[in-house]
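What's counted below: heavy atoms across the whole structure, side chains too, no hydrogens, waters or symmetry copies. In this text, all values refer to a predicted model and were calculated from it rather than measured experimentally. Chain letters run A, B, ... following the sequence lines, proteins first and then strands; every chain starts at 1.
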Protein chains: 2
Amino acid sequence: MTRETETLPTVFVVDDDAAVRKSLERLLRSEGYRSESFASADGFLERWRPDPAPGCLVLDVEMPGLDGLQLQQALHLSGAAIPIIFITGHGDIPRSVKAMKAGALDFLTKPVRDEDLFKAIQQAFSWDRRQRAERAERDAVAERFAALTPREREVLMLVVRGLLNKQIAFELGASEKTIKIHRGRVMQKMRVPSVADLVRAAQKLGLQPDVSQPPA
Amino acid sequence: MTRETETLPTVFVVDDDAAVRKSLERLLRSEGYRSESFASADGFLERWRPDPAPGCLVLDVEMPGLDGLQLQQALHLSGAAIPIIFITGHGDIPRSVKAMKAGALDFLTKPVRDEDLFKAIQQAFSWDRRQRAERAERDAVAERFAALTPREREVLMLVVRGLLNKQIAFELGASEKTIKIHRGRVMQKMRVPSVADLVRAAQKLGLQPDVSQPPA
DNA sequence: CTGCCCATAGGACCAAGGTCCTATTTCGCA
DNA sequence: TGCGAAATAGGACCTTGGTCCTATGGGCAG
């Protein structure tokens, strides 16, 4: 499952101009990058699947059909997180600003200096690796969290808020004994050896300790 | 200490063109914003002090002396965190991208639509408020942390990593008894009522639990 | 209708955390 | 040179947390 072709990051090129695609592909291959080209945003959307494909997107801004910015937004809405490097021939500042605000990693103007492109791609790969590592961790924690019963989740929240078993028992209207049992199972199922780690696990899931933070 | 003029956010305008400054000031005042204008980056740097001044910077890109991007960088290096809205007459895409990468909130082109400017300012103010709130919280925690003795800091780190007193004692070559004392003082001095809160406090300071995270 | 999961909880017991009080040693500063 | 802060630690004692085993009752799917 870890064949080289799957872990090697790929540069996905989307540009309506066949000549540009060819030239980019040649350039990228000459530098040892794996690349795949698409003539349109739709073509890319059809073929690309987020899961197994680490890499980045090199995206032309001006295209018939969905343009670059629209594809960026579409990917955003679908929850896909692939770093995007825009390339434009006749772009303007508002477009570039919009793209950057929407999280683009870079926005290069033609003629693109090879060096700039390679640098951007390197940063994009590095960003993608970090992103994927975080994502994988979060997913692992989320899976464990999903295996908790509703009651166990309530207990988890209150433990993370720093309450004592006694207080949790009161909050939930159960006996301290019962809380201890739930709590023990929470620690087991979440596979954390300490409350400190449980707090961090909860944070990876975006679980807020509500508006507590006692006035000391 | 909470006089209105100090808590009202201010729009700081830096532009070398007196006519532009006048017109921006008029526009801002008409919308009820407090504003201050400067003819140069240096003038701004001399007068502006980060602490008491919530607000944002509306910054011309093209200026004699330090230009907008250079001022942005100077502020960055000095650790100042004020949201920046760029305005440009003849900017180009690379400049706009550079500004956005460096954290600019927006990058508007002349002629600026009033509506766009106001929107950007609102976002900038909101960003600044959040930023300041976070900063204040972090500073408060940092102050308490600074009051810890070296040994107490060591104990704190290990507690946050989720170690038992016994294990901490071994790590530090002290008796469990001593660790308990340090630990108790850490909780007092940091003014947290629980380990969960201590973990969060440590995170606000950017204290990493090293490369632990046991393999369960 | 019969398991199975979930939530409940008591008893017993031990480990871990926390807090008194007391006491010693080492350092650096006044 | 003496005083205070920091680090050390033992004794005593209580609270909390955690884990056995056992047991009951509700709800749901096979």
Spacing of [X] atom [atom1] relative to [N] atom [atom2], expressed in whole Å:
X	N	atom1	atom2	result
Ile179(A)	dG10(C)	CD1	P	12 Å
Ile168(A)	dT8(C)	CD1	P	13 Å
Glu152(B)	dA6(D)	CD	P	7 Å

Steps toward salt bridge (charged side-chain N to carboxylate O under 4.0 Å, His left out) verdict (Asp106(B), Lys101(A))
CA-CA 8 Å; Asp106(B) 216 327; Lys101(A) 279 192 193 172; 2.7 Å; yes
Report yes if a side-chain nitrogen or oxygen of [X] is closer than 4.0 Å to either non-bridging phosphate oxygen (OP1 or OP2) of [N]; otherwise report no.
X	N	value
Thr149(A)	dA7(C)	yes
Thr178(B)	dT8(D)	no
His182(B)	dT8(D)	yes
Arg185(B)	dA6(D)	no

Can you name the one residue among Arg185(A), Arg144(A), Arg183(A) that meets salt bridge (Lys or Arg N to Asp or Glu O under 4.0 Å) with Glu152(A)?
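Running salt bridge (Lys or Arg N to Asp or Glu O under 4.0 Å) over Arg185(A), Arg144(A), Arg183(A) with Glu152(A) returns exactly one hit, Arg185(A).
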Check against side-chain contact (heavy atoms from CB on, under 4.5 Å), Val14(A) and Val58(A)
CA-CA 6 Å; Val14(A) 181; Val58(A) 171; over 6 Å; no
Pairwise 5' ranking along DNA chain C for Ala174(A) and Lys189(A), keeping only the more 5' one
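Whichever sits nearer the 5' end wins; that is Lys189(A).
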Below 4.0 angstrom, N of the basic side chain to O of the carboxylate: do Asp42(B) and Arg47(B) qualify?
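No, no charged N to carboxylate O under 4.0 Å.
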Would you sort out whether Gln123(B) and Leu105(B) count as a side-chain contact (heavy atoms from CB on, under 4.5 Å), showing the intermediate values?
CA-CA 8 Å; Gln123(B) 285 177 350; Leu105(B) 228 106; 3.9 Å; yes
Donor-acceptor under 3.5 Å (Arg153(A) side chain, Ala146(A) main chain)
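Judged by distance alone, yes, a pair lies under 3.5 Å.
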Counterpart residues, ring-ring contact (aromatic ring centres under 6.0 Å, His included), relative to Phe145(B) (two or more places apart)
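Phe145(B) satisfies ring-ring contact (aromatic ring centres under 6.0 Å, His included) with no residue once adjacent residues are dropped.
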Quick check: are there more than 12 heavy atoms from other residues, nucleotides or ligands sitting under 6.0 Å from NZ of Lys189(A)?
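More than 12 within 6.0 Å, yes.
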Aromatic ring pairing Phe44(A)/Phe38(A), orientation class (parallel under 30°, perpendicular over 60°, tilted between)
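If you compare the ring of Phe44(A) with that of Phe38(A), the planes turn out perpendicular.
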Heavy-atom protein contacts under 4.0 Å, nucleotides 23-30 of chain D, coded B base, S sugar-phosphate only, - none:
--------
Could you run through nucleotides 16-27 of chain C and give me one letter per nucleotide, 5' to 3': B if any protein heavy atom sits under 4.0 Å from the base, S if only the sugar-phosphate is that close, - if neither?
SBBBB-------
